Amino acid sequence: MLEARDITISYNDRVAVSNVTLTLNAGEITAVIGPNGAGKSTLLRSLNGQIARASGAVMLDGHLIEKYSRRTIGRRIAVVAQEAELRFPVTVLEFILGGRFAWGPNSGWGWETEQDLRVAEEVLAETELTELSGRLMNELSGGERQRAVLARALATEASVLLLDEPTANLDLSHQATLLALVRNRCDKRQAAALVVTHDLNLAAQFADRILLMKNGEALRSGKPAEVLTPQLLKQVFEVEVLVDAHPITGAPRVTPIAFQRAGENPGETT
């Protein structure tokens, strides 16, 4: 559905992304992992044409993304940024209806249609926000707010979801809930999702494929078990890790190995 072919992105003399190739397929979640400064978010923003490329191509359904209008791209690709900026108070319903903008009249002016309201009600129910639809966004908790941001993206009915650290600052329960919503949209509607995340274990649980980046380069791409290996993770994150199988799902489970401090007796407990 969406493909990056050998794309390179530069900021002045600094190369942020170097010759990265990536394919997002219908029904799949692809996680992008790597240390800070690896180029993960830059890669994500380039996939909807938001950032200019120095070289390479981004293809949407086999056509250069530049061939599509911004309105068409908005209908096909939805982005969930790390933080949604609100310049004035809006209700949850109004915020979600903003995701229907690309489906409005070409003039940019017009009221929401019955279809817009129906879709908004569906995603409110899907994200368990129906009872909060009349509440102001700035009155929500962090988890509720992040679900509303995802609901706005789902309201676009886009077939491609690009999520930049969607679980940052969420507790364990809200992390699992949000990614389960993304998984459900991919499974039931054959959407394709890309999730930038620092949480390796969440990536292992929810992603079909993982892209591992460092210094703007793609070091490995494949199934979680092919990417989350002790050798690769030490190379990228410069820390020893233990990788075993989750006792229930069988997915890779990554645990940093704590090094013994000087003078500490391994047999002592505190």
Side-chain angles (χ1 to χ4, degrees), residues 1-26 28-34 36-87 95-104 106 108 145-146 148-168 178 182 185-186 191-198 209 211 213 215-218 221:
M1 298 178 71
L2 187 65
E3 182 182 6
R5 297 180 181 175
D6 295 317
I7 65 172
T8 294
I9 302 166
S10 300
Y11 296 122
N12 298 321
D13 296 331
R14 184 177 71 87
V15 177
V17 174
S18 179
N19 297 316
V20 171
T21 292
L22 173 70
T23 300
L24 303 183
N25 297 312
E28 290 186 354
I29 296 177
T30 298
V32 181
I33 63 174
N36 293 332
K40 305 182 298 296
S41 294
T42 300
L43 172 64
L44 180 147
R45 291 195 296 270
S46 72
L47 293 177
N48 73 335
Q50 185 178 347
I51 295 179
R53 304 177 304 279
S55 62
V58 175
M59 312 294 292
L60 178 60
D61 287 340
H63 301 282
L64 282 169
I65 198 165
E66 289 80 9
K67 300 294 184 181
Y68 296 94
S69 68
R70 292 308 304 176
R71 180 175 292 272
T72 300
I73 293 173
R75 293 178 178 179
R76 304 294 302 281
I77 303 174
V79 178
V80 175
Q82 293 184 30
E83 180 63 30
E85 182 180 2
L86 297 175
R87 297 185 181 275
F95 180 75
I96 291 172
L97 282 171
R100 299 293 300 169
F101 177 80
W103 294 98
N106 291 330
R145 182 185 175 107
Q146 197 67 357
V149 172
L150 176 61
R152 179 186 173 106
L154 297 180
T156 66
E157 298 185 287
S159 55
V160 178
L161 302 173
L162 305 178
L163 301 97
D164 193 359
E165 298 192 40
T167 60
L178 189 141
V182 177
R185 181 58 64 109
C186 291
L194 180 142
V195 179
V196 170
T197 181
H198 284 286
R209 300 184 63 81
L211 174 68
M213 296 184 66
N215 296 330
E217 298 181 352
S221 178

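Please read these numbers as outputs of a predicted model, since none were measured by experiment. Just the heavy atoms: all of them, side chains too, but no hydrogens, waters or symmetry mates, feed the values below.
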S.K.: What are the two closest heavy atoms between Ala57 and Leu64, and how far apart are they?
M.R.: CB-CD2, 3.7 Å
S.K.: I need the Leu178 CG to Thr167 OG1 distance, nearest 0.5 Å.
M.R.: 7.5 Å
S.K.: Can you check whether Met213's main-chain N or O pairs, donor with acceptor, with Lys40's side chain at less than 3.5 Å?
M.R.: no
S.K.: Output the distance between atom CG (Leu43) and atom CZ (Arg53), rounded to the nearest 0.5 Å.
M.R.: 11.5 Å
S.K.: Can you sort out the partners of Thr23 under side chain to side chain donor-acceptor pair (under 3.5 Å), two or more places apart, ordered by chain and number?
M.R.: none
S.K.: Quick one: do Leu154 and Leu161 satisfy side-chain contact (heavy atoms from CB on, under 4.5 Å)? Show the steps, please.
M.R.: CA-CA 8 Å; Leu154 297 180; Leu161 302 173; 4.0 Å; yes
S.K.: Heavy atoms, side chains only, cut-off 4.5 Å: are Arg70 and Ile73 in contact?
M.R.: yes
S.K.: List the residues meeting side chain to side chain contact (heavy atoms under 4.5 Å, CB included) with Ala4, not counting sequence neighbours, and say none if there are none.
M.R.: Ile7, Leu22, Leu47
S.K.: Has Arg45 got a side-chain atom pairing as donor or acceptor with Gln50's backbone, closer than 3.5 angstrom?
M.R.: no
S.K.: Restricting to side chain to side chain contact (heavy atoms under 4.5 Å, CB included), what partner residues turn up for Asp61, sequence neighbours left out?
M.R.: Met1, Tyr68, Arg76
S.K.: Okay, side chain of Gln146, backbone of Pro166: is any donor-acceptor separation there less than 3.5 Å?
M.R.: yes
S.K.: To the nearest 0.5 Å, how far apart are CD1 in Ile9 and OG in Ser55?
M.R.: 9.0 Å
S.K.: Would you please name every residue forming a side chain to side chain contact (heavy atoms under 4.5 Å, CB included) with Ala151, sequence neighbours left out?
M.R.: Ile96, Val123, Thr127, Leu129
S.K.: Which pair of non-hydrogen atoms, one from Leu211 and one from Ala218, has the smallest distance, and what is that distance?
M.R.: CD1-CB, 3.6 Å
S.K.: Return the minimal non-hydrogen interatomic distance between Tyr11 and Ile51, and the atom names on each side.
M.R.: OH-CD1, 3.5 Å
S.K.: With rounding to the nearest 0.5 angstrom, report the OG to NZ distance, Ser69 to Lys67.
M.R.: 13.5 Å
S.K.: How many angstroms lie between atom CG of Leu24 and atom CD1 of Ile77, to the nearest 0.5 angstrom?
M.R.: 9.0 Å
S.K.: Taking all heavy atoms of Arg71 and all of Phe101, pick out the closest pair and write down the distance.
M.R.: NH1-O, 3.3 Å
S.K.: State whether the side chain of Arg209 and the backbone N or O of Thr30 hold a donor-acceptor pair below 3.5 Å, judged by distance alone.
M.R.: no
S.K.: If I compare all heavy atoms of Ala193 with all of Cys186, which pair ends up nearest, and what's the gap?
M.R.: CB-SG, 3.8 Å
S.K.: Which one of Val20, Leu194, Val195 satisfies the side-chain contact (heavy atoms from CB on, under 4.5 Å) criterion with Val32?
M.R.: Leu194
S.K.: Tell me, which pairs form a salt bridge (Lys or Arg N to Asp or Glu O under 4.0 Å) where one or both residues lie in residues 2-23, sequence neighbours left out?
M.R.: Glu3-Arg5
S.K.: Would you indicate whether the side-chain heavy atoms of Leu44 and Val79 approach each other to under 4.5 Å?
M.R.: yes
S.K.: Run the side chain to side chain contact (heavy atoms under 4.5 Å, CB included) test against Ser10 and tell me which residues pass, sequence neighbours left out.
M.R.: Thr8, Val15, Ala54
